[in-house]
Amino acid sequence: QAPEDVGVDGARCIDARAGLDRLVEVLRAEGYRTLGPTVRDGVVAYDDLASGTDLPEGVRTEQAPGRFRLEASGDATRFSWTPGADSWKRFVFPPRSEVVRIRRADGTFVVEQPAPPPAPMALVGARDCEIRALAVLDRVLDDPDHPDDRYVERRADTFVVAVTCGVPSATCWCTSMGGDPRPQEGYDLRITEVLDGGHRLLVEAGTTLGHRVLERLDGDPAVPGDHDAAAAVAERARDGIRHRLDGAALPSALAGTDEHAHWADVAARCLSCGSCTSVCPTCFCSSFTDVTDLVDPDVTVREQTWVSCFQLDHSRIGGRPVRATTADRYRQWLTHKLETWHEQFGTSGCVGCGRCSTWCPAGIDLPAEAAALTGVGP
């Protein structure tokens, strides 16, 4: 599903307001359902975009374990925030979705499949951690041997407008998990917001399709100084990331920690609420339920819903849960993300986005706990 990186030249600098307006206009004219960040109820949430003015302007986010605040930045920047609880997963793998509808009629049964999406999606403002999270979901849910056909339909022909993360939060640790503030692949267009020498957006194409859209944007051809300024934005962001672990060493370091005393310490703080799994952009556990319509008893719907490994019944086997304690469930979650996911899928299950830490009501910080368990540092 990831776009092919063809290294297309022809970068442009566009206006931070009019240029984004034009970008959304072009994507909508191309037939995409255009989605992007919006400010709603004090957070940054992803929603449909009618124009570029729907995108945030002049806001930043303060994030720490157990803390999120949206605040005014005092300037006209468009991408100086870091993502909130919302993720693109919601659009390709919804929290609740209909799998099949069965209707009893005239002594037989009629099976109805859900309609395919009416249009492909364009994701505006995707950070590197989010693009890599989509790749993780692709590996799991678009496995050639066992594909989730409904996921494949939603994900098909997605156009990705990536954004360089210029202002990382205190919970970001993407560089420890193989990522970077500046997206390296998986995008059609990449935007870097540059303030040195005037406020502008450097837009680069990563695919031939992205190049075709870029040609329709108003702007000046980029010069070497623009690329140097964009590189400096990414370098400052890298320097600003607080957590620094050797992510490649975590799988082997976590092996054999099942009886580590620190699991009990984490369990004493963990509420087992599942907030971390609900905001995680890669968690994919789900359950299937058959529901009969109360109004029309001749209709039964099979639904797929998200579930969490922090739910006691999620590990029920043979009439009892095999992970009965909070320590058991937290250990399952952390070791699956950072250790056994590699064995299953050949990648990490964590992209270092920091959402689980930010939105944990107890302020439990995943990289800090991983470091305490393993002693793995930079």
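Residue numbers count from 1 along this sequence.
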Can you find a side-chain donor-acceptor pair between Asp188 and Thr207 that sits under 3.5 Å? yes

Any chance the rings of Trp341 and Phe284 have centres within less than 6.0 Å? yes

hydrophobic_cluster_shared for Leu35 and Val92, side chain cutoff 4.5 Å: yes

Between Thr192 and Thr164: side-chain donor-acceptor atoms closer than 3.5 Å: yes

Are any of the side-chain heavy atoms of Ile364 and Val266 separated by less than 4.5 Å? yes

Of all residues at least two apart in sequence or in a different chain, which pass the side chain to side chain contact (heavy atoms under 4.5 Å, CB included) check with Arg139? Asp143, Phe345

Is the side chain of Arg78 donor-acceptor paired with the backbone N or O of Ala16 at a distance under 3.5 Å, no angle test? yes

If the threshold is 4.0 Å, N to carboxylate O, is there a salt bridge linking Arg216 and Glu30? yes

Go through the side-chain N and O atoms of Thr82 and Gln63 and say whether any donor and acceptor fall under 3.5 Å apart. yes

Counting distance only, does the side-chain N/O of Arg329 pair as donor-acceptor with the main-chain N or O of Arg323 below 3.5 Å? yes

Is there side-chain contact between Glu130 and Cys353, with at least one heavy-atom pair below 4.5 Å? no

Heavy-atom nearest pair, Val44 first then Phe68, reads N-CZ, 4.4 Å

Would you say Asp365 and His243 are linked by a side-chain donor-acceptor pair, where the criterion is simply a distance under 3.5 Å? yes

Fit a plane to each ring of Trp333 and Phe310, take the angle between them on a 0 to 90° scale, and name the class: parallel (under 30°), tilted (30 to 60°) or perpendicular (over 60°). tilted

Taking all atoms of both residues into account, what is the closest heavy-atom pair of Leu202 and Ala222, and its distance? CD1-CB, 3.5 Å

Short side-chain donor-acceptor distance under 3.5 Å, Ser287 and Thr305: no

Candidate pair Leu20 and Leu201, rule side-chain contact (heavy atoms from CB on, under 4.5 Å), full reasoning: CA-CA 9 Å; Leu20 288 176; Leu201 305 178; 3.6 Å; yes

Would Lys337 and Thr282 count as having a side-chain donor-acceptor pair, cut-off 3.5 Å? yes

Do we see a donor-acceptor contact under 3.5 Å between the side chains of Arg150 and Gln304? yes

Show the numbers, then the answer: is there a salt bridge (charged side-chain N to carboxylate O under 4.0 Å, His left out) between Arg238 and Glu235? CA-CA 5 Å; Arg238 292 184 201 105; Glu235 187 60 32; 2.7 Å; yes

Is the Trp81 ring parallel, tilted or perpendicular to the Phe79 ring (thresholds 30°, 60°)? tilted

Between Arg182 and Glu204, does at least one N-O distance fall below 4.0 Å, as a salt bridge requires? yes

Looking at Ser97 and Pro94, would you say the former's side chain and the latter's main chain have a donor-acceptor pair under 3.5 Å? no

Interatomic distance, Met121 atom CE to Asp48 atom CG [nearest 0.5 angstrom]: 10.5 Å

Regarding Thr108 and Asp106, is there a side-chain donor-to-acceptor distance under 3.5 Å anywhere? no

Got a second to check how far Thr257's OG1 is from Leu254's CG, nearest 0.5 Å? 5.0 Å

Side chain to side chain, Asp293 and Thr300, heavy atoms closer than 4.5 Å: no

Quick check: do Phe159 and Leu189 have side-chain heavy atoms less than 4.5 Å from each other? yes

Nearest-0.5 Å distance, CG of residue Asp148 to CG of residue Asp138: 11.5 Å

